[in-house]
Student: 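Have a look at the structure that comes next, please.
Counting begins at 1 with the first residue of the sequence.
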Amino acid sequence: MSTGKNTKGYETPNHPYQGERIAEESDLLSRYGLKNKEEFWRAQSELRSMRREARRLLGEAQGDVDAAQEAGAEFVARLRRIGILGDNDDISAVLSLDVTDLLERRLQTVAYRQGFASSTQQARQFIVHGHITVNGARVTRPSVKVDVDDEGAIAFDENSPLADDLHPERAESQE
């Protein structure tokens with residue numbers, strides 16, 4: 001019997017049926033090639049916790065952005081490293097982030113945007129099947145946030161059949 005607590009890493013919507021919200025979620029699911037709404041809700045919860053941390057830091061500094069920036073230097077540095085905040089953004093910019101900002105930094109989306117696959121769904125399949133590496137290490141989780149510095153280090157695994165430029169799936173995606 002485990003002693004750790006089992007809690008979900010996300011919150012579901014408060015109301016089960018809201019047509020507009022469901023349509024918006026479905027659109028983002030297909031646009032970013034997410035497996036199910038749970039992945040979307042996880043991203044929303046992650047964004048919510050980022051905003052909560054930014055509000056806490058700003059509140060402790062009593063609205064002084066510079067003091068909050070110093071107190072949350074590691075927090076802001078992490079967001080800059082994964083490309084969610086720009087170099088010129090301060091901690092108050094966290095409050096205006098959208099869930100798409102997080103979804104754009106997933107390995108699945110970055111690999112698709114760099115032309116490794118012809119769709120986000122295909123990028124997801126390549127990652128899950130172990131065809132994609134980051135810094136030479138095979139990554140099989142499409143939800144991994146890619147650091148800005150590592151964007152250029154995404155490649156096909158050298159042992160993968162997709163590493164061959166003449167592979168039929170690869171030829172389609174390079175057009």
Side-chain angles (χ1 to χ4, degrees), residues 2 4-54 75 78-85 94 96-164 167-175:
S2 74
K5 60 180 181 176
N6 290 332
T7 55
K8 290 191 295 189
Y10 62 93
E11 292 176 36
T12 56
N14 293 335
H15 199 277
Y17 182 78
Q18 295 165 317
E20 193 175 302
R21 176 188 52 78
I22 291 173
E24 185 183 321
E25 285 176 354
S26 298
D27 174 51
L28 288 170
L29 251 62
S30 62
R31 189 168 356 141
Y32 288 99
L34 305 178
K35 186 174 100 179
N36 51 34
K37 289 195 177 170
E38 180 183 319
E39 285 194 327
F40 178 71
W41 294 333
R42 275 185 201 283
Q44 278 186 322
S45 293
E46 189 178 348
L47 177 63
R48 206 174 291 124
S49 68
M50 286 176 186
R51 283 188 183 143
R52 190 178 299 125
E53 177 68 6
F75 172 65
R78 185 176 139 271
L79 295 181
R80 285 185 179 145
R81 191 179 70 241
I82 59 177
I84 293 173
L85 287 183
V94 176
S96 62
L97 290 175
D98 188 36
V99 71
T100 55
D101 296 320
L102 250 63
L103 295 175
E104 283 290 336
R105 299 308 307 160
R106 290 166 50 100
L107 176 58
Q108 176 178 356
T109 310
V110 173
Y112 165 66
R113 298 264 190 261
Q114 289 188 358
F116 286 98
S118 56
S119 68
T120 52
Q121 290 82 0
Q122 187 181 45
R124 179 184 193 88
Q125 184 180 32
F126 286 171
I127 294 163
V128 169
H129 290 200
H131 296 296
I132 303 282
T133 61
V134 179
N135 283 331
R138 183 179 292 165
V139 180
T140 57
R141 288 184 19 242
S143 63
V144 170
K145 302 286 180 292
V146 179
D147 288 359
V148 176
D149 299 342
D150 293 342
E151 276 188 48
I154 298 174
F156 284 112
D157 186 10
E158 60 186 29
N159 299 325
S160 165
L162 291 165
D164 180 9
H167 191 281
E169 285 299 321
R170 176 117 182 238
E172 284 178 28
S173 65
Q174 298 298 322
E175 290 176 3

Student: Heavy-atom distance under 4.5 Å between the side chains of Thr133 and Ile154, does that happen here?
Tutor: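 SC-SC contact between Thr133 and Ile154 ruled out.
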Student: Mind running salt bridge (Lys or Arg N to Asp or Glu O under 4.0 Å) on Glu53 and Arg48 for me, showing each step along the way?
Tutor: CA-CA 9 Å; Glu53 177 68 6; Arg48 206 174 291 124; over 6 Å; no
Student: Are the aromatic ring centres of Phe156 and Phe116 under 6.0 angstrom apart?
Tutor: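 Under 6.0 Å, so yes.
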Student: Before you tell me yes or no, could you show the steps for Glu39 and Gln44 under side-chain contact (heavy atoms from CB on, under 4.5 Å), namely the whole-Å CA-CA distance, both residues' side-chain angles and the distance that decides it to 0.1 Å?
Tutor: CA-CA 9 Å; Glu39 285 194 327; Gln44 278 186 322; over 6 Å; no
Student: Is a side-chain N or O of Asp101 found less than 3.5 angstrom from the main chain of Asp98, in a donor-acceptor match?
Tutor: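 Yes; at least one donor-acceptor contact below 3.5 Å.
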Student: Does any N or O in the side chain of Ser45 come within less than 3.5 Å of the main-chain N or O of Trp41, such that one atom is a donor and the other an acceptor?
Tutor: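 Flag set: sc Ser45 to bb Trp41 pair under 3.5 Å.
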Student: Please walk me through it: do Glu158 and Arg138 pass salt bridge (Lys or Arg N to Asp or Glu O under 4.0 Å)?
Tutor: CA-CA 10 Å; Glu158 60 186 29; Arg138 183 179 292 165; over 6 Å; no
Student: Show, in sequence, the C-alpha distance, side-chain angles and deciding distance for Ile132 and Asp157, and conclude whether the side-chain contact (heavy atoms from CB on, under 4.5 Å) test is met.
Tutor: CA-CA 5 Å; Ile132 303 282; Asp157 186 10; over 6 Å; no
Student: Given side-chain contact (heavy atoms from CB on, under 4.5 Å), test Val128 with Thr140 step by step and report yes or no.
Tutor: CA-CA 5 Å; Val128 169; Thr140 57; 5.8 Å; no
Student: I want to check something: taking the side chain as every heavy atom from C-beta on, are Pro13 and Glu25 in contact at a cut-off of under 4.5 Å?
Tutor: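 The answer is yes; the side chains approach within 4.5 Å.
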Student: Looking at His129 and His131, would you say the former's side chain and the latter's main chain have a donor-acceptor pair under 3.5 Å?
Tutor: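 It does not hold such a pair.
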Student: Is it the case that Tyr32 and Glu104 place a side-chain donor and acceptor less than 3.5 Å from each other?
Tutor: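 Their side chains do contain a donor-acceptor pair, which is all the 3.5 Å distance test asks for.
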Student: When you measure from the side chain of Arg42 to the backbone of Ser143, do you find a donor-acceptor pair of N or O atoms at a distance under 3.5 Å?
Tutor: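 Pair absent, no side-chain N/O of Arg42 close to backbone of Ser143.
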Student: With distance as the sole test, does Gln114 use its side chain to make a donor-acceptor pair with the main-chain N or O of Glu151 at under 3.5 Å?
Tutor: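 Looks like yes, one N/O pair under 3.5 Å.
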Student: Taking Arg81 for its side chain and Asp147 for its backbone only, find out whether a donor-acceptor pair lies under 3.5 Å.
Tutor: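 Pair absent, no side-chain N/O of Arg81 close to backbone of Asp147.
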Student: Counting C-beta onward and ignoring hydrogens, is there a side-chain heavy-atom pair between Arg106 and Arg124 closer than 4.5 Å?
Tutor: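 Result yes, sub-4.5 Å side-chain heavy-atom pair found.
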Student: Evaluate the side-chain contact (heavy atoms from CB on, under 4.5 Å) criterion for residues Val148 and Ile82: first the C-alpha distance (whole Å), next the side-chain angles of each, then the deciding distance (0.1 Å), finally the verdict.
Tutor: CA-CA 6 Å; Val148 176; Ile82 59 177; over 6 Å; no
Student: Measure the shortest side-chain to side-chain distance between Arg141 and Leu107 over non-hydrogen atoms and say whether it is less than 4.5 angstrom.
Tutor: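 No, too far: nothing below the 4.5 Å cut-off.
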Student: Under the 3.5 angstrom rule, does the side chain of Gln122 hit a backbone N or O of Ser118 as a donor-acceptor pair?
Tutor: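 Yes.
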Student: Does a side-chain heavy-atom distance below 4.5 Å link Gln121 with Tyr112?
Tutor: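 With C-beta onward as the side chain, the pair stays apart.
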Student: Can Lys8 be said to sit on top of Tyr10's aromatic six-ring, NZ or CZ under 6.0 Å from centre and within 45° of the ring axis?
Tutor: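 Yes, cation above the ring, under 6.0 Å and within 45°.
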Student: A side-chain contact here means heavy atoms from C-beta on lying under 4.5 Å apart; do Leu102 and Ile84 qualify?
Tutor: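 Heavy-atom side-chain distance check passes, below 4.5 Å.
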Student: Would you say CD of Glu24 has more than 12 non-hydrogen atoms from neighbouring residues, nucleotides or ligands within 6.0 angstrom?
Tutor: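 Atom CD in Glu24 is not packed in, count stays at 12 or less.
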Student: Mark yes or no for whether Asn36, through its side chain, and Glu38, through its backbone, hold a donor-acceptor pair below 3.5 Å.
Tutor: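 Side chain of Asn36 to backbone of Glu38: a pair is present.
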Student: Restricting to non-hydrogen atoms, name the atom on Thr120 and the atom on Ser30 that form the minimum distance, rounded to 0.1 Å.
Tutor: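 It is OG1-O, 3.9 Å.
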Student: Taking all non-hydrogen atoms of both residues into account, name the closest pair between Ile127 and Pro142 and its distance.
Tutor: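 Shortest heavy-atom contact: CG2-N, 3.8 Å.
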Student: Between atom OH of Tyr17 and atom CD1 of Ile22, what is the distance when rounded to the nearest 0.5 Å?
Tutor: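 Rounded to the nearest 0.5 Å, the OH-CD1 separation comes out at 5.5 Å.
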Student: Does Leu97 reach the side chain of Leu47, with side-chain heavy atoms less than 4.5 Å apart?
Tutor: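 Yes, close enough: below the 4.5 Å cut-off.
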Student: Hey, are the side chains of Thr109 and Arg105 touching, using non-hydrogen atoms and a 4.5 Å cut-off?
Tutor: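 Contact flag for Thr109/Arg105 side chains = no.
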Student: Can you tell me if Gln108 uses its side chain to pair, donor with acceptor, with the backbone of Gly33 under 3.5 Å?
Tutor: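 Checking the backbone N and O of Gly33 against the side chain of Gln108, a donor-acceptor pair under 3.5 Å is found.
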